[in-house]
Amino acid sequence: MVKTNINLEDMSQKDVVEYLSESVQPEIGAIPASLLGDPKIYDLEHKKVFLKTWIFVGHESEIPNKNDFITRDVAGYSVIITRGADGEIRCLYNMCTHRGMKLCRADAGNKSLFTCPYHGFNFKNNGDCVGVPLQKDIYGEGFDKSGLGLHQVRIETYKGLMFGTWNDEAEPLEDFLGDFKWYLDILAGRAEMEVLGPPQRFIIHSNWKIGADNFVGDSYHTMVTHGSIVKLGMVPSATYSKKGYQIYTNNGHGLNLGTPNLDFAFPEELKEEYKSNLTAEQYDVLSNLKNMIGNIFPNLSFLISHTKVKGQLISNTSVRLWRPVGVDKMEVITWFLVEKNASADWKRRSRESFVLTFSPSGIFEQDDTEVFTDITAAASGTMPLVKQLTFNYTMGLHRKPVEDFIGPGVVFDDKFTEANQRNFYRYWLDLMTS
C-alpha cells in the first residue's frame with residue numbers, strides 16, 4: 001500500500017530538517033532517493049549548503065594580468081572576479097548599487113572601470129563608485145559616493161584554485177580544505193599550472209549531487225558504464241579501476257587514488273619542478289600515479305586521467321563544477337589544466353586526451369551523462385518519497401582503514417568501497433540539519 005503521509009511540500013523548514021535527520025543514515029549506508037528529486041530539499045540545500053560553504057569560481061591563470069576579469073556564479077548569484085591595478089584578486093557582486101542592474105554581462109575581458117548599462121554609474125574594479133552622470137546637477141554638491149561601492153564577496157585561493165563564499169563567518173579556505181590540501185598539492189600545486197582555453201559548459205538534466213557522488217568515490221561503475229574503453233585499448237582490463245586507495249578527510253572531501261603505474265604519467269622534463277613543489281611523500285604518490293578522481297565538498301570535482309591515445313600514453317588534468325540550476329538540472333563547467341612549462345607537444349596531446357575522454361563530447365562524459373539523467377528522472381516526483389525508496393551505500397562497511405599510508409585522511413586499500421560517499425552525505429546532513 002502506498003504511504004501518503006509524507007509530503008515535504010507542505011512541511012515547514014523545521015519539519016523537513018527533522019525528516020532528514022531521521023531518514024538520511026550514512027552510517028548504515030541508507031540514503032533516500034528523494035534527496036535527488038525533491039524541490040523542498042533542493043531549496044533548503046541552497047540556504048544550508050551553497051550560501052554557507054566555499055564554492056569554486058576559477059583558476060588564477062584565467063586572470064593573469066592587471067585589470068583582467070571573469071564573471072562567474074556563487075550560489076546562483078553573478079559575481080565579477082578581477083585582478084586590480086594593485087595585483088590583488090577581488091570578487092564583487094555583479095549588481096549596480098544604484099538600481100540593481102547587472103553591471104557586467106561579458107564572460108571575460110580587461111577593464112579597470114565598469115559602467116552600468118542602465119543609468120551609467122561607474123565603478124573601479126576595486127568596487128569603488130567613482131562616477132555618477134550629471135552628479136552635481138541632479139544630486140547636488142554634497143552627494144557622497146563612498147557608500148555606493150560594490151558588495152565585496154569573500155574570495156580565497158589555494159594553489160591557484162579560487163573559491164568564493166557569501167558567508168562572512170565561514171572558516172578560512174585552508175581550514176575548510178584541511179588535510180585534503182595534501183592531495184590538492186598533487187593536483188594543482190605539483191607545478192605552475194594554467195588553464196588552456198575558456199571553460200567548457202553544458203547542461204545535464206540531473207541533480208548536482210549525482211556528479212559529486214560519482215567523483216568523490218565511485219570507481220566501481222567504471223568497469224560497466226565505461227566498459228568500452230577496454231575494447232578500445234585505452235586501459236588494460238575492466239577491473240583496472242579497483243587497484244589503489246580510497247581516501248576521505250573532514251568536511252565531506254574525498255578521492256580515489258589509482259596506483260601503481262609503471263609509466264610516469266607526466267612530462268619527464270618537469271621532474272625537478274615537481275620535486276621542488278612537493279614533499280618526498282607526495283612525489284612518491286605522483287611518480288606512481290595512474291589516476292586521481294575526487295570531489296571537494298560540495299560540488300568541485302577533479303580528475304587526473306592516464307590513458308593510451310593514438311598508441312601513446314598521455315595524462316590529462318581537469319576540474320569541473322556541478323553548478324545547480326534546478327532540482328533536476330545542472331550546468332557542468334569544466335576547466336582543462338596543464339603544466340605551464342610543459343612542451344607544446346605535451347600540451348596538445350594532453351588536451352586531445354581530455355577532449356576524447358572527459359569533454360562534453362568525450363567517451364566517459366557521454367556514458368556518465370546518460371546515467372546521471374536517468375537516476376534523476378527515477379528519483380523525481382512523489383513516488384520515491386511516499387514509498388520511502390532508499391539507495392544502498394553499504395559497500396565496504398565491513399572493512400577497516402589501513403594505518404600505513406603515507407598521506408593523511410581515512411584510507412582504504414582499494415577503490416571499491418563507498419566510504420567516501422558516506423562521508424560526503426554525513427557532512428551534507430550536518431549542514432542541512434544545523
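Just so it is clear, the structure is predicted and the values come from calculations on it, not from any experiment.
Salt-bridge annotation for K275 and E273: absent, with no side-chain N of the basic residue lying under 4.0 Å from a carboxylate O of the acidic one. In this structure, E194 pairs ionically with K347, as a charged nitrogen and a carboxylate oxygen lie closer than 4.0 Å. Between E352 and R348, at least one side-chain nitrogen of the basic residue sits less than 4.0 Å from a carboxylate oxygen of the acidic one, meeting the salt-bridge criterion. K47 has no carboxylate O lying under 4.0 Å from a charged side-chain N of E45, or vice versa, which leaves the two without a salt bridge. A salt bridge links D413 and R399; the closest N-O separation between the charged side-chain nitrogens and carboxylate oxygens is under 4.0 Å. Between E169 and K52 there is no salt bridge, since no side-chain nitrogen of the basic residue lies less than 4.0 Å from a carboxylate oxygen of the acidic one.
H151 places no side-chain N or O within donor-acceptor distance of the main-chain N or O of L92, the cut-off being under 3.5 Å. A side-chain donor-acceptor contact under 3.5 Å links Q246 to the backbone of A419. Judged purely by atom type and a 3.5 angstrom limit, R154 has no side-chain atom pairing as donor or acceptor with the backbone of F163. Between the T165 side chain and the T53 main chain, a donor and an acceptor come within less than 3.5 Å of each other. For the pair E418 (side chain) and T394 (backbone), a donor-acceptor distance under 3.5 Å is present. Panel note: side chain K209, backbone L35; a donor-acceptor pair is recorded below 3.5 Å. Proximity of a side-chain donor or acceptor of T376 to a complementary backbone N or O of N207 within less than 3.5 Å is detected. The closest donor-acceptor contact from the side chain of S350 to the backbone of S315 lies under 3.5 Å. Side-chain N or O atoms of N299 include one that pairs as donor or acceptor with a backbone N or O of W322 at under 3.5 Å. Remark: the backbone N or O of N67 is not paired with any side-chain donor or acceptor of K111 at under 3.5 angstrom.
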Please assess F424 against H253 for the test ring pair (Phe, Tyr, Trp, His ring centres under 6.0 Å), listing each intermediate value before the final yes or no. CA-CA 7 Å; F424 173 91; H253 314 312; 9.8 Å; no
What verdict does the side chain to side chain donor-acceptor pair (under 3.5 Å) test give for R190 and S276, after you've listed the backbone C-alpha separation in whole Å, the side-chain angles of each residue and the deciding distance to 0.1 Å? CA-CA 8 Å; R190 63 182 185 259; S276 68; over 6 Å; no
Passes side chain to side chain contact (heavy atoms under 4.5 Å, CB included), R201 versus V332? Steps please. CA-CA 6 Å; R201 298 169 178 262; V332 184; over 6 Å; no
Would S23 and Q388 satisfy side chain to side chain donor-acceptor pair (under 3.5 Å), going step by step from the backbone distance to the final call? CA-CA 9 Å; S23 62; Q388 301 183 52; over 6 Å; no
Evaluate the criterion salt bridge (charged side-chain N to carboxylate O under 4.0 Å, His left out) for residue pair D73 and R323; output intermediate values, then yes/no. CA-CA 8 Å; D73 176 282; R323 186 179 80 84; 3.3 Å; yes
Go through W166 and Y77 one step at a time and tell me if the ring pair (Phe, Tyr, Trp, His ring centres under 6.0 Å) criterion holds. CA-CA 10 Å; W166 295 104; Y77 298 97; 5.7 Å; yes
Apply the test side chain to side chain contact (heavy atoms under 4.5 Å, CB included) to residues I406 and D284: give CA-CA distance (whole Å), side-chain angles for both, the deciding distance (0.1 Å), then the verdict. CA-CA 9 Å; I406 58 177; D284 184 56; 3.8 Å; yes
Check step by step if side chain to side chain contact (heavy atoms under 4.5 Å, CB included) holds for L177 and L184. CA-CA 9 Å; L177 296 174; L184 289 183; 3.9 Å; yes
Run the numbers on D414 and K243 for side chain to side chain contact (heavy atoms under 4.5 Å, CB included), then give the verdict. CA-CA 5 Å; D414 74 52; K243 294 180 180 178; over 6 Å; no
Check the pair R83 / E88 against salt bridge (charged side-chain N to carboxylate O under 4.0 Å, His left out), numbers first and verdict last. CA-CA 5 Å; R83 190 182 293 273; E88 184 177 342; over 6 Å; no
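Taken to the nearest 0.5 Å, the CG atom of L187 stands 13.0 Å off from the CH2 atom of W182. Considering CG of D263 and CG of L289, their distance stands at 12.5 Å, rounded to 0.5 Å. With rounding to the nearest 0.5 Å, the separation of CG in N94 from CD1 in I80 is 4.0 Å. In this structure, CG on N291 lies 6.5 Å from OG on S305, to the nearest 0.5 angstrom. The distance from atom CG of L356 to atom OG of S353, rounded to the nearest 0.5 Å, is 6.5 Å. Residue N295 holds its CG atom at 11.0 Å from CG of N423, rounded to the nearest 0.5 Å.
Cation-pi geometry between K271 and F264 is met: the NZ or CZ atom falls under 6.0 Å from the ring centre, inside 45° of the normal.
Contact check for E156 versus E174: no side-chain heavy atoms found under the 4.5 Å cut-off. Between T71 and V79 the shortest side-chain heavy-atom distance does not fall below 4.5 Å. Using a 4.5 Å cut-off on side-chain heavy atoms (C-beta onward), Y93 and S78 make no contact. H306 places a side-chain heavy atom less than 4.5 Å from the side chain of N261. Counting heavy atoms from C-beta on, the side chains of E60 and T157 come closer than 4.5 Å. With contacts defined as side-chain heavy-atom distances shorter than 4.5 Å, the pair M432/V17 does not qualify.
The distance between the ring centers of F336 and F358 does not fall below 6.0 angstrom. Outside the 6.0 Å centre-distance limit, the rings of F215 and F302 are not counted as a close aromatic pair. For F405 and Y245, the distance between ring centers is under 6.0 angstrom. A ring-centre distance under 6.0 Å is found for F297 and Y427.
At most 12 non-hydrogen atoms from other residues, nucleotides or ligands lie less than 6.0 angstrom from CD of E370. Other residues, nucleotides and ligands contribute over 12 non-hydrogen atoms within 6.0 Å of the NZ atom of K181.
Evaluated for a side chain to side chain donor-acceptor pair (under 3.5 Å) with N110, the options N125, D68, T82 yield exactly one hit, D68. Under the ring-ring contact (aromatic ring centres under 6.0 Å, His included) test applied with W208, the options W428, F372, Y42, F50 reduce to a single match, F50.
Under the salt bridge (Lys or Arg N to Asp or Glu O under 4.0 Å) criterion, the residue pairs touching residues 420-434 are E27-R426, with sequence neighbours excluded. The salt bridge (Lys or Arg N to Asp or Glu O under 4.0 Å) contacts involving residues 30-44 comprise nothing, where partners must be two or more places apart or lie in separate chains.
Counting all heavy atoms, side chain and backbone alike, V57 lies closest to G164 at CG1-N, 4.2 Å.
For the residue pair Y274 / E339, a side-chain donor-acceptor distance below 3.5 Å is found, with atom types taken as modelled. Y283 and N288 share no side-chain donor-acceptor pair at under 3.5 Å. A donor atom on one side chain and an acceptor atom on the other are found under 3.5 Å apart for D185 and Y158.
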